[in-house]
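For reference, the structure is listed below as structure tokens.
All ligand and atom numbering here is 1-based and tracks the order in the structure.
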Amino acid sequence: MNLSDLNRVALAMVTPGKGILAADESSGTIKKRFDAIKVESTEESRRDYREMLFRSSEAMSKYISGVILYDETIWQTARDGTPLIKLVEASGAIPGIKVDEGTQALPNCPGELVTVGLDKLAERLKKYYERGARFAKWRAVIDIGRGGDRSIPSMTATHVNAHALARYAALCQAARIVPIVEPEVLMDGDHDVDRCYEVTQLVLNNTFAELRIQRVALEGMILKPNMAIAGKQSAKQASVEEVAEKTVRLLKACVPAAVPGIAFLSGGQSDEDATAHLNAMNRTAGLPWRLTFSYGRALQAAPQKAWSGKQENVAAGQRAFTHRARMNSLASKGEWQADLERKQAA
Ligand code: 13P
């Protein structure tokens, strides 16, 4: 492992004013997104859609530092035969790859999940590096019990998922690939912001303890956490200021300053909420790490709708993607304002 190379890539992933496009939906997840816009999910439609995003030259060159690809995408070629990964590289963004293989039921813990994919990971990483990937992603999923059920998450679920995240991160660094460490505490449920804070604190503390045990170099990784936010079904939603203040407090308590950057997931927040929260956090002075976005839904919902699977809508899809990327770029510098959204709509 060459730590200065890893650190250089990690810092580039959180270049001020830029963030990460998470375009690594599994075939099952992208099918759900395409169902919503009434587009059949085929190898070709998935290719056309992602090609549209990667050819959005303004968004990709000005606002996007890196793209997380799915295994199918990293081997796919554009309509004209150019490998899709070359489109990403040509825009100046860094290609990355999702390497986890999804979740399975966790034995003895009803309703909880463990992320799998460590078997043969070292060999897969080698192939991805040769293809051009310089960072990777692994997502652990932690649920919060409904109706005040404090048995979820269990100690078992937080422990095994933190262990797997650290195993993955150590393997990535050995393969010269920067790991995005993503322990996602889900927004599903009726919990309030303080319960989310408490669970995320537990999850982050477990994750960093495992990263230390497994000798992962913090300077050569990126953290991708959820924000401290109320569950979608909670009657007690927190304000933008409260989410920002609590998320920053939580991260300061749990994330060492040696970590170069934190790139949030959007997790089902509305597009504008995800932007507003990131913006409010970046107005806080004296943060020890760079804070940016690594959004899937909050960057792609608008372009998916504008595109709707039609070749004649490609320009509209690219405009919608560029707008969201620009809004989040401003938020990553604390320079976003809500009226910029209205101006676009007008
Ligand atoms: P969302 O922003 O849609 O949560 O996706 C980010 C991601 O990569 C989840 O693993």
Side-chain angles (χ1 to χ4, degrees), residues 13-14 19-34 36-37 49-50 53 63-74 88 93-103 113-117 133 135-144 161 164-165 168-169 178-189 196 200 203 207 221-229 231-232 243 247 261-278 281 291-305 320-321 324-325 327-329 331-332:
M13 289 162 68
V14 290
I20 297 165
L21 166 64
D24 60 325
E25 299 84 0
S26 63
S27 301
T29 302
I30 196 88
K31 183 178 179 315
K32 264 194 259 163
R33 308 275 183 261
F34 279 14
I37 51 167
Y49 169 65
R50 286 166 171 152
L53 296 179
Y63 312 128
I64 300 296
S65 58
V67 179
I68 316 175
L69 302 166
Y70 184 58
D71 179 71
E72 175 185 81
T73 320
I74 202 170
V88 173
I94 306 168
I97 180 78
K98 183 234 286 293
V99 300
D100 69 66
E101 294 179 328
T103 53
L113 300 169
V114 60
T115 302
V116 298
F135 70 91
K137 176 190 119 171
W138 176 290
R139 172 175 174 255
V141 187
I142 301 292
D143 201 14
I144 298 184
N161 277 295
L165 273 168
Y168 140 83
V178 172
I180 293 184
V181 173
E182 181 181 6
E184 176 174 5
V185 177
L186 294 175
M187 264 179 89
D188 304 323
C196 175
T200 307
V203 166
T207 302
M221 64 163 271
I222 295 292
L223 180 71
K224 176 162 173 168
N226 53 283
M227 299 176 193
I229 196 165
K232 277 184 219 156
V243 169
T247 305
I262 296 176
F264 292 99
L265 58 93
S266 60
Q269 300 178 46
S270 73
D271 296 356
E272 201 170 318
D273 279 355
T275 305
H277 290 146
L278 178 64
M281 284 186 252
L291 290 188
T292 190
F293 57 92
S294 175
Y295 294 162
R297 281 162 285 182
L299 276 173
Q300 294 188 61
Q304 272 161 11
K305 207 160 156 228
F321 174 46
R324 286 265 48 90
M327 294 298 104
N328 286 306
S329 159
S332 77

Next item on the list: Compare all side-chain heavy atoms of F135 with those of V67 and state whether any distance is below 4.5 angstrom.
Entry: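 The answer is no; the side chains never approach within 4.5 Å.
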Checklist line | Within-4.5 Å side-chain heavy-atom neighbours: Q269 and M227 | finding: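 Touching, per the 4.5 Å side-chain cut-off.
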Taking distance alone, with no angle check, do [X] and ligand 1 share an N/O pair under 3.5 Å?
{"X": "G267", "answer": "yes"}
{"X": "E184", "answer": "no"}
{"X": "G296", "answer": "yes"}

Item checked: Side-chain donor-acceptor contact under 3.5 Å, S332 with S329 ->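 No, because no side-chain N or O of S332 sits under 3.5 Å from a partner of the opposite role on S329.
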Check: Between the side chains of T275 and R324, is a donor N or O closer than 3.5 angstrom to an acceptor N or O?
Finding: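 R324 and T275 do have a side-chain donor-acceptor pair below 3.5 Å.
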Check: When you measure from atom 9 (C) of ligand 1 to every protein heavy atom, which one gives the shortest distance, and what is it?
Finding: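 Nearest protein contact, heavy atoms only, for atom 9 (C) of ligand 1 is E182 OE2, 3.2 Å.
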Note to self: Taking 4.0 angstrom as the limit and counting only heavy atoms of Y295, give me the atoms of ligand 1 inside it, by number and element.
What the structure shows: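 What qualifies from ligand 1 is 2 (O).
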Margin query: Can you name the atoms of ligand 1, numbered from 1 with element, that are less than 4.0 Å from a heavy atom of K224?
Written below: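 Heavy-atom distances to K224 below 4.0 Å select 6 (C), 7 (C), 8 (O).
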Item checked: Closest heavy-atom pair and its distance - D143, D188 ->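 Result for this residue pair: OD1-O, 4.3 Å.
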Check: Which atoms form the tightest heavy-atom contact between I37 and K305, and what is the distance?
Finding: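 Nearest pair, atom of I37 first, then K305: CG2-CA, 3.9 Å.
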Check: Can you find a non-hydrogen atom of K137 under 4.0 Å from ligand 1?
Finding: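 Contact present.
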Note to self: If the test is side-chain hydrogen bond (donor to acceptor under 3.5 Å, both in side chains), which one of R297, R50, K98 qualifies with E25?
What the structure shows: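 Of the listed options, the one satisfying the test is R50.
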For [X], which part has a heavy atom under 4.0 Å from ligand 1: side chain, backbone, both, or neither?
{"X": "S294", "answer": "backbone"}
{"X": "S266", "answer": "both"}
{"X": "R139", "answer": "side chain"}

